[in-house]
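Scroll down for the structure; my scribbles are underneath it.
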Amino acid sequence: MMAPRLVVVGGGISGLAAAWAARRLADERGQPLEILVLERSAVVGGKARSIARDGWLVEAGPSGFLGGRPAMERLVQEAGLSSDVVPAGVASSRRFVYRAGRMRSIVPNPIALARNGVLSVRGIGRMLLEPFIPRRLETGDETVWDFAARRLGREVADRMVRPMALGIFAGDARRLSLGSAFPRMAALEREHGSLIRGMIARKGKTSSGALSSFRHGMQSLPLALARSGRFTVRCNATVEALARADDQWQVMVAGDTAAIPADGVVLAGEPWAMASLLRPHDLTAAEALDAIPCPPIAVVALGFAPAAAARIPAGFGVLITRDEGFRMLGNLWETHLYPERSPEGHVLVRAMLGGAVDPGIGSLSEEEVVQLAKAEVARLYGITDPPVFQQVERVARAIPQYEVGHRERVARVEQALARLATIDATGFGLRGVAFADAASDGVQTGVRMAARLLGNPVETGAMVGSG
Ligand SMILES: Cc1cc2nc3c(=O)[nH]c(=O)nc-3n(C[C@H](O)[C@H](O)[C@H](O)COP(=O)(O)OP(=O)(O)OC[C@H]3O[C@@H](n4cnc5c(N)ncnc54)[C@H](O)[C@@H]3O)c2cc1C
């Protein structure tokens, strides 16, 4: 009997994690399974792309990942990368917002927040009333901003939560869904009736995990998985269409004369990319995926020599509230997190532009984006020396926005995939936007599909080691 064949469309972390986990399950069961990953680009990694040049290491996408996801931790260990994990420096706990003309440090202490000018005394008073605000009775979705304003007051919503949504999603807190974008916050209210009471109750019991990266950058993990030889990876292979014939899928790759037959398919592309492949098979699922916006982002990395670098504070970075006359969403101070990313004494700053609050950034030329970032970074820190290094990365459709209604959209996709039975989907457009979430979701999806193809489906709750 021929081994069943699984085709994974997309060689980002979610697709490679799916392939890896499918192979692991087949090996554990001693059953043959052929696995092929098809990737549109010339190299695997998707949004995770680490560019090493002239002593600098620039991340085009994610610069780190949060611990506390067992499936991700197991993947790192099995890929042989445990000794390459680099924890972020202690400075990573120092985070700033730029408000009313200057940088202000965010400290989880009401007196310090007032002293630093992040909140007014009145705003702090309102925030401290939070444990006495009744739990919301309606079960429907609400925006992140509405939730924050209702529980913590408008000032916290505007001055702290809006920048937080920019930092994580490059998103607009007035459109993002609380339940999908920040499910842990929603759970605190649901389970404890209050964020503050919930955080006190959970103190020491749960941890969101430490921030880390890899010595050679975030692309290390997808590269290690792809090079393991445990499944086949074909780059420069764009899947143009999926057709169904008898019990099999026919996977059409651009430029190929013959389709690739597959017994099962895992879609691991961006929401819009998966939508076009699913359209002929389920219009509702395709429309739900197309309704997940992915606005453009530009990342401009600027390296500064010691004299200018001294003007940049030690810390994680700064987020800029929208009415301060800057177009940048914020800056990450890479060197303070991972010192080996820049030459001795120099500092690497990554300026982020675009996102849901400024999609127009996608229509600027590369030169215009670089000039804009250089001018704004110089103004923010009062730097007069030009940068000694620069690298620009533009992503036309970047971080998926989990807007209100996201959960229903994902449910429609999941229902359609269940009907189609031998096709599944993963990736950061669906159930978690962060790198470790995408990896964990990939593992779960790979296990689910392999079990189906090998003839003994696993219960979701019983996925051994899938985290
Ligand atoms: C600028 C930026 C900064 C970020 N920063 C962080 C961070 O600091 N921390 C963090 O945790 N997360 C961060 N993220 C999110 C993180 O990058 C993602 O969670 C993760 O990389 C998503 O992986 P994925 O495999 O789901 O998708 P992708 O990486 O997008 O991979 C999808 C792959 O599918 C391929 N593909 C699509 N369609 C086809 C097709 N038809 N045929 C063949 N191949 C196809 C694509 O080429 C791509 O390689 C950031 C993202 C961006 C854009």
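Along the sequence shown, the residues carry numbers beginning at 1. Ligands are counted one by one from 1 in listed order, and the atoms in each one are counted from 1 as well. No hydrogens, no waters, no symmetry mates; every other heavy atom, side chains included, goes into these values.
In this structure, Arg379 forms a cation-pi arrangement with Phe326, its terminal cationic atom sitting closer than 6.0 Å to the ring centre and no more than 45° off the ring axis. Arg341 forms no cation-pi arrangement with Trp56, by the criterion of a distance under 6.0 Å to the ring centre and an angle within 45° of the ring axis.
Between Glu324 and Arg99 there is a side-chain heavy-atom pair separated by less than 4.5 Å.
Within the 4.0 Å heavy-atom criterion, neither part of Ala170 lies near ligand 1. In Ala273, the part holding a heavy atom less than 4.0 Å from any atom of ligand 1 is the side chain. At a heavy-atom cutoff of 4.0 Å, ligand 1 is contacted by the side chain of Ile399 but not by its backbone.
Among protein heavy atoms, atom 19 (O) of ligand 1 sits closest to Val433 O, 2.7 Å. Protein heavy atom closest to atom 32 (C) of ligand 1, with residue, atom name and distance, is Ala268 O, 3.4 Å. Atom 48 (C) of ligand 1 has as its closest protein heavy atom Glu39 OE1, 3.5 Å. Atom 12 (N) of ligand 1 has its closest protein heavy atom at Phe435 N, 3.3 Å. Closest protein heavy atom to atom 17 (O) of ligand 1: Pro62 CD, 3.1 Å.
Ring-plane geometry between Phe435 and Phe65 is classed as tilted, the angle between the planes lying from 30 to 60 degrees on a 0 to 90 degree scale.
Considering both main-chain and side-chain atoms, Ala438 never comes within under 3.5 Å of ligand 1 through any nitrogen or oxygen pair.
Donor-acceptor pairing under 3.5 Å is lacking for the side chains of Ser228 and Arg23.
Aromatic ring centres of Trp333 and Tyr338: separated by at least 6.0 Å.
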